[in-house]
Every structure is written in C-alpha cells, then in structure tokens.
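Beneath this line is the structure, given in structure tokens, with notes to follow.
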Amino acid sequence: MACSTASECYMDRLPDELLLMILTYAMQRESPFFPEPLGAARIGYVKKLHFTMVQRVHAQDWCRVTMTCQRIRRLGKEAFFSSKRFVLRASIPESLRDGIYSLFVNASDQQLAMRSICSVVIVDIAPSVASKVMRVPKLLGVLPKLKDVTLVFDWARWNAITTIENAIPFQAPAVLTQIFEYIAGANSDVKVHAAICSSSDPEYVQATLNTDLYPILRAKAQMMAKEKERMSKSTEQ
C-alpha cells in the first residue's frame, strides 16, 4: 500500500507537459485505429464485437485514459488522439468539426480530436472517381495538426478492419502530393501515402488508377499551377 501511495504521489508531482509526453508515448501503436467498433464498445456491446487483437489494444488504451482519474483523463485523451493513426471516411473530419460524429462520445471530445489528430488513413476512395480524391485535401483541412495521410483505394467495407490492417502500400505518385499542396493551402506540408485494400486485385486497381484517375489529377494539377502562377503575377503587379 505504501508503494502504491508513493507512486501516486510521484505521478501527482509530474508537470502536465511531462505526463502528457509519457501518455503520448504509451498510446503509440504500429497498427492504425479504426474507431467505429470503439463506438459500439462504448454503448455496451463489447462482447458482441469481433475485435482483432491489434484493434482491441486501441480500445484498451481508450479505457486506460478515460477510467483512471480526472487528470489522466484530461491529458490522456489528448495523448490518445494525437498518437493514433485514425482510419476514417473522408467525411468524418467535417463531422468532428460540426460535433455530429457520435462515436467520439461528446462534442468536446470531438473538438479535442479535431485539434489533436496528426495522422489519418482515408478509406472510402474509389480508384476511378477523381472528384472524390480532389475533395479529400479540403475535407482534411479542418485538422490543423495533420501531418500524414494515407489514401486506401478500393476499400472493402464488408471486412473493414482486416483489409485496413493488411492494406498493400505503394509509391504515391507526385500528382497526389501536388493536389494536396494546391488544394490544402496551409496544410500543404502533409505527407501523402497510398495503399490498396488487401482484398482487391492490386494489378487491376493500379491499372484503373493509371487510366481513370491519374490523367484527370494531372490535368487538374496543371490547371491549378497555372492559376497559382497567374495570381502570383497579378499580386506582384
């Protein structure tokens, strides 16, 4: 008991900045986190969920930071949101901004998530729909600390967790980064990665990207580059 009390007193003496660093380190995992099952767990269906082991650890992390004490909960939530790589649909950041993404418990948690998230995996990207890809940078613009985004093409919603955990990465073409730079503006330093859903045919998806997506993105990037140059010259004059 004495050891426990001493340990608790020692933790209490740590400044918030140091405790936040410790919690952030403790929340880091190699696997991305798919939050939708966590929402189901929050309302009492834990036993009915088929968490994979790597997803279960994220749910356990959430329990650790929200069920310990008030101070750990206050700092731990920020650590949780900032350290995880979140698997999201492209529309979710705007839902966080508007406070309507109920899986993150309440509006204040949603605002904290929006301010804290640094890394996302966007899953609902069809390899043949250029308009949706071009919307992603603007949608992600509500995440001010975002530094890293992975676009997963041809997502299999019916087996969401498994297909994300085993997504097949490939070298993102320069045009994806260019589109983010032109559209995202202030968030133009975001690193862009790409992957293919593990249940898809990689050769077919790559062929579709080469014929249906990349040509449109390149044409759009060229148009935006010319417009940017024109605006720059106009400003100089």
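Numbering starts at 1 and runs along the sequence shown. These numbers come from the heavy atoms of this one structure, side chains and all, not from hydrogens, waters or symmetry mates.
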Next item on the list: Before giving the answer on side chain to side chain contact (heavy atoms under 4.5 Å, CB included), spell out for H193 and L176 the whole-Å C-alpha distance, their side-chain angles and the decisive distance to 0.1 Å.
Entry: CA-CA 9 Å; H193 310 279; L176 281 179; over 6 Å; no
Item checked: Residue pair F86, I92: steps toward the side chain to side chain contact (heavy atoms under 4.5 Å, CB included) verdict -> CA-CA 11 Å; F86 283 87; I92 297 304; over 6 Å; no
Next item on the list: Run the numbers on R73 and V65 for side chain to side chain contact (heavy atoms under 4.5 Å, CB included), then give the verdict.
Entry: CA-CA 5 Å; R73 181 164 59 250; V65 299; over 6 Å; no
Next item on the list: Show your reasoning for whether side chain to side chain contact (heavy atoms under 4.5 Å, CB included) applies to V120 and I117.
Entry: CA-CA 8 Å; V120 297; I117 289 175; 3.6 Å; yes
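Between V133 and F180 the shortest side-chain heavy-atom distance does not fall below 4.5 Å. Contact annotation: the side chain of L112 approaches that of E78 to within less than 4.5 Å [non-hydrogen atoms, C-beta and beyond]. Using a 4.5 Å heavy-atom threshold, the side chains of I125 and V152 count as separate. Contact check for Y25 versus L23: no side-chain heavy atoms found under the 4.5 Å cut-off.
Hydrophobic clustering, with ILVMFWY side chains joined whenever heavy atoms are under 4.5 angstrom apart, groups I179 together with F170. Using a 4.5 Å cut-off between side-chain heavy atoms of Ile, Leu, Val, Met, Phe, Trp and Tyr, with links allowed through other members, L139 and L143 fall into different hydrophobic clusters. Note: the hydrophobic cluster containing I122 also contains V205 (ILVMFWY, side chain heavy atoms under 4.5 Å, direct or indirect links).
With hydrogens and angles ignored, the 3.5 Å screen pairs a side-chain donor or acceptor of Q111 with a backbone N or O of R97. Checking side-chain atoms of N106 against main-chain N and O of S108 turns up a donor-acceptor pair under 3.5 Å. A donor-acceptor contact shorter than 3.5 Å is absent between the side chain of K191 and the backbone of K147.
With values rounded to the nearest 0.5 angstrom, I216 atom CD1 is found 7.0 Å from D212 atom CG. Here the straight-line distance linking atom CE of M21 with atom CG of L14 works out to 11.5 Å at 0.5 Å rounding. For the atom pair M134 CE and K138 NZ, the distance stands at 12.5 Å (nearest 0.5 Å). The distance from the NZ atom of K220 to the OG atom of S131 is 11.0 Å, given to the nearest 0.5 Å. If you take OH on Y101 and CG on L88, they are separated by 6.0 Å, rounding to the nearest 0.5 Å. From S82, atom OG reaches atom CD of Q28 across 8.5 Å, with rounding to the nearest 0.5 Å.
Atom CD of Q60 has more than 12 neighbouring heavy atoms from other residues, nucleotides or ligands inside a 6.0 Å radius.
M27 and S83 make their closest contact through CB-OG, 3.0 Å (heavy atoms, listed as atom of the first residue, atom of the second, distance). Across all non-hydrogen atoms, the minimal contact from R64 to I72 is O-CG2, 4.2 Å. Annotation for D148 and T150: closest pair OD1-OG1, 4.2 Å, computed over non-hydrogen atoms. Shown here for A194 and F153, the closest heavy-atom pair between the two residues is CB-CE1, 4.2 Å. When all heavy atoms are compared, the tightest approach of D16 to R71 is OD1-NH2, 2.8 Å. Counting all heavy atoms, side chain and backbone alike, P93 lies closest to L140 at CG-CD2, 3.6 Å.
The ring of W62 has its center closer than 6.0 angstrom to the ring center of F81.
Remark: D109 engages K77 in a salt bridge, criterion side-chain N to carboxylate O under 4.0 Å.
By the 30° and 60° cut-offs, the orientation of the rings of F33 relative to H58 is tilted.
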